[in-house]
Amino acid sequence: METIRRQLAPLVQGRKLERVRILDPRWSRPLAPAELEDALTGRCVLALGRRGKYLVWECSGEVYLLQHLRMTGSVLHAPDPPPTHVRAWIELDRGGPLAIVDPRRFGTGELALGEQALESFFSARLGLEPLDERFSAEYLRGLAGGRQTPVKAFLLDQRKLAGVGNIYADEALFRARIHPLREAGRLSLADWERVREAVVWALLAGIEARGATIDDFRHVDGVWGSFQDRFQVHRREGEPCPSCGRPIVKLRVAGRGTYVCERCQPRPRAFKRQAAGRAGRFAPRSASR
DNA sequence: CGCCCTGTTGGGGA
DNA sequence: ATCCCCAACAGGGC
């Protein structure tokens, strides 16, 4: 039912975009729906690719549709009956229509005209892919140098590393035994090497759990749950750490729910003091209601 | 039933 | 440079 890239690609590659209908103006911002529809209609889809968390529709004439699913977006092939929350319809020259569905309406479809525009769009937003051969402990340390930002916020910053999301960051830091609040600039090269290894491991574990490939997307029916079960800490508040048994604690870091074993991932000193004393404004919020 | 909180994300303003 | 809030909706706890 739900489509991932591997399933979507054969449906669209080499096909003509017969008609594109945007139902939700928010989806195509900043472009007006009619502008995006006009730019795509009649073009041939040469390839369907992925960069970071973007789905890239490469169309004839160097026109690129850059689609982001955000939290709840998906692409359905010929859904019957038509689902709720359809934000756009894409009709191909053959095969059923594709529905872009997104209950929460965070998803977007942007246009890049020309290869130059494509590259500048991504170079402004995305760093290396974790499976890029240039991805190394030295790369991480170089980017993190001098930064006070928490290491988890650093990992979630798509301009540093492309494609690492909240669950992956928690899992990778747990495996690397690094507390998410540690200052990125204070990690040693050995720390970064463990982080690098753990990020790659989490990525591959997530892919394997879904029976997917690196270029597939999430949101396959029934697969998200089992995928989540493979992870050891995320959303496991109060459950015993699989390594030492201490209950997993929930924090808020970088505005995201963050799960950590504070024995396996020792808290940095500055935060130990803060936590012991009165709750200062730098103290991590647990649940301030 | 209603109120409140949470969340697989990223951007803009403070 | 960094943090906070917001987008809009569904689902769960109380």
Side-chain angles (χ1 to χ4, degrees), chain A residues 2-5 23-30 50-55 66-75 83-87 100-110 121-122 124-127 143-172 180-186 202-203 205-207 209-210 212 216-231 233-238 250-259 270-271 274 280-289:
Chain A
E2 298 221 39
T3 327
I4 54 179
R5 199 194 78 93
L23 308 186
D24 178 6
R26 181 183 308 279
W27 190 81
S28 61
R29 284 190 319 184
R50 178 196 64 83
R51 292 233 207 156
K53 299 175 189 171
Y54 287 87
L55 188 53
L66 312 175
Q67 183 183 6
H68 200 304
L69 301 173
R70 284 305 214 281
M71 312 234 317
T72 56
S74 59
V75 182
T84 53
H85 308 304
V86 175
R87 304 304 167 196
I100 292 168
V101 177
D102 187 1
R104 216 164 148 185
R105 299 174 72 198
F106 286 179
T108 53
E110 297 183 61
F121 181 93
F122 284 124
R125 288 170 176 78
L126 301 181
L143 285 181
R147 283 172 202 281
Q148 297 187 284
T149 197
V151 60
K152 177 165 177 185
F154 178 89
L155 288 180
L156 290 176
D157 186 343
Q158 302 295 298
R159 292 169 301 187
K160 308 294 188 298
L161 209 50
V164 176
N166 195 36
I167 293 174
Y168 288 88
D170 275 2
E171 194 64 17
L181 283 173
R182 284 184 56 189
E183 281 181 32
R186 294 196 171 191
L203 188 60
I207 290 166
R210 310 196 317 270
D216 293 335
F217 276 73
R218 55 173 191 260
H219 298 312
V220 188
D221 274 353
V223 177
W224 177 250
S226 63
F227 159 59
Q228 225 179 346
D229 289 345
R230 301 279 184 109
F231 291 89
V233 292
H234 192 73
R235 294 225 200 182
R236 308 232 176 230
E237 184 177 23
K250 181 181 181 186
L251 309 173
R252 187 161 290 267
V253 180
R256 303 285 177 261
T258 300
Y259 299 80
F271 286 98
Q274 295 277 349
R281 50 191 281 258
F282 296 110
R285 290 162 41 195
S286 40
S288 59
R289 326 187 343 83

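Lettering of chains follows the sequences in order, A, B, ..., and the numbering in each one begins at 1.
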Proximity to the side chain of [X] - top-ranked nucleotide from [options]:
X: A/Lys53; options: B/dG7, C/dA7, B/dG10; result: B/dG10
X: A/His68; options: B/dG10, C/dC3, B/dT8; result: B/dG10
X: A/Ile167; options: C/dA7, B/dT8, B/dT6; result: B/dT8
X: A/Lys250; options: B/dG7, B/dT8, C/dA1; result: B/dG7
X: A/Tyr259; options: C/dC9, B/dT8, B/dG7; result: B/dG7

How many whole angstroms separate atom [atom1] of [X] from atom [atom2] of [N]?
X: A/Glu237; N: C/dG13; atom1: CD; atom2: P; value: 13 Å
X: A/Asp170; N: B/dT8; atom1: CG; atom2: P; value: 9 Å
X: A/Asn166; N: B/dG7; atom1: CG; atom2: P; value: 8 Å
X: A/Leu181; N: C/dT2; atom1: CG; atom2: C1'; value: 14 Å
X: A/Asp24; N: C/dA7; atom1: CG; atom2: P; value: 15 Å
X: A/Met71; N: B/dG7; atom1: CE; atom2: C1'; value: 4 Å
X: A/Glu183; N: C/dC3; atom1: CD; atom2: P; value: 10 Å
X: A/Leu69; N: B/dG10; atom1: CG; atom2: C1'; value: 13 Å

Phosphate-side-chain proximity, [X] and [N], N/O vs OP1/OP2 below 4.0 Å:
X: A/Lys160; N: C/dA1; value: no
X: A/Arg105; N: B/dT9; value: no
X: A/Thr149; N: C/dC3; value: yes
X: A/Gln158; N: B/dG10; value: yes
X: A/His85; N: C/dC9; value: no

ring centroid sep under 5.5 Å plus plane angle under 30, A/Phe106 with B/dG10
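A/Phe106 vs B/dG10: stacking no.
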Is DNA chain B part of any stem, that is, at least 3 consecutive Watson-Crick or G-U pairs with both distances under 3.5 Å, and where?
B:2-7 with C:9-14, B:9-14 with C:2-7
Pick one: which of A/Trp27, A/Phe121, A/Tyr54 meets ring pair (Phe, Tyr, Trp, His ring centres under 6.0 Å) with A/His68?
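Of the listed options, the one satisfying the test is A/Tyr54.
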With rounding to the closest Å, how many angstrom separate the [atom1] atoms on [N] and [M]?
N: B/dT9; M: C/dA1; atom1: P; answer: 23 Å
N: B/dT8; M: C/dT2; atom1: C1'; answer: 24 Å
N: C/dC5; M: B/dC5; atom1: P; answer: 13 Å

At their closest point, which heavy atom of [X] faces which heavy atom of [Y], and how far apart are they?
X: A/Asp170; Y: A/Tyr259; answer: OD2-N, 3.1 Å
X: A/Thr84; Y: A/Val101; answer: O-CG1, 3.6 Å
X: A/Val75; Y: A/Leu69; answer: CG2-CD2, 4.5 Å

Checking the side chain of [X] only, and the main-chain atoms of [Y] only, is there a donor and an acceptor separated by less than 3.5 Å?
X: A/Gln158; Y: A/Leu156; answer: yes
X: A/Arg50; Y: A/Gly52; answer: yes
X: A/Glu171; Y: A/Asn166; answer: no

Under 4.0 Å, counting only non-hydrogen atoms across every strand here, what does A/Gly165 touch: a base, just sugar-phosphate, or nothing?
sugar-phosphate
Classify the nucleic acid contact of A/Arg159 as base, sugar-phosphate or nothing, counting any heavy atom under 4.0 Å across all strands shown.
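Nothing: the residue A/Arg159, judged by heavy atoms under 4.0 Å, touches no strand.
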Reading DNA chain C from 5' onward, which residue's closest nucleotide shows up sooner: A/Gln148 or A/Ala254?
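Upstream on the strand: A/Gln148.
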Residue met sooner reading DNA chain C from 5', once A/Gly146 and A/Arg26 are mapped to nucleotides
A/Gly146
Please enumerate all protein N or O atoms sitting under 3.5 Å from an N or O of nucleotides 11-14 of chain B, with distances to 0.1 Å.
{"unit_1": "B/dG11", "atom_1": "OP1", "unit_2": "A/Arg125", "atom_2": "NE", "d": "3.2"}

Which residues pass the side-chain hydrogen bond (donor to acceptor under 3.5 Å, both in side chains) test with [X], sequence neighbours left out?
X: A/Asp102; result: A/Thr72
X: A/Ser28; result: none
X: A/Arg125; result: none

Please list, one pair per line, the donor and acceptor atoms closer than 3.5 Å that link side chains of residues 144-151 of chain A to other protein atoms, with sequence neighbours excluded.
{"unit_1": "A/Arg147", "atom_1": "NE", "unit_2": "A/Leu143", "atom_2": "O", "d": "2.8"}

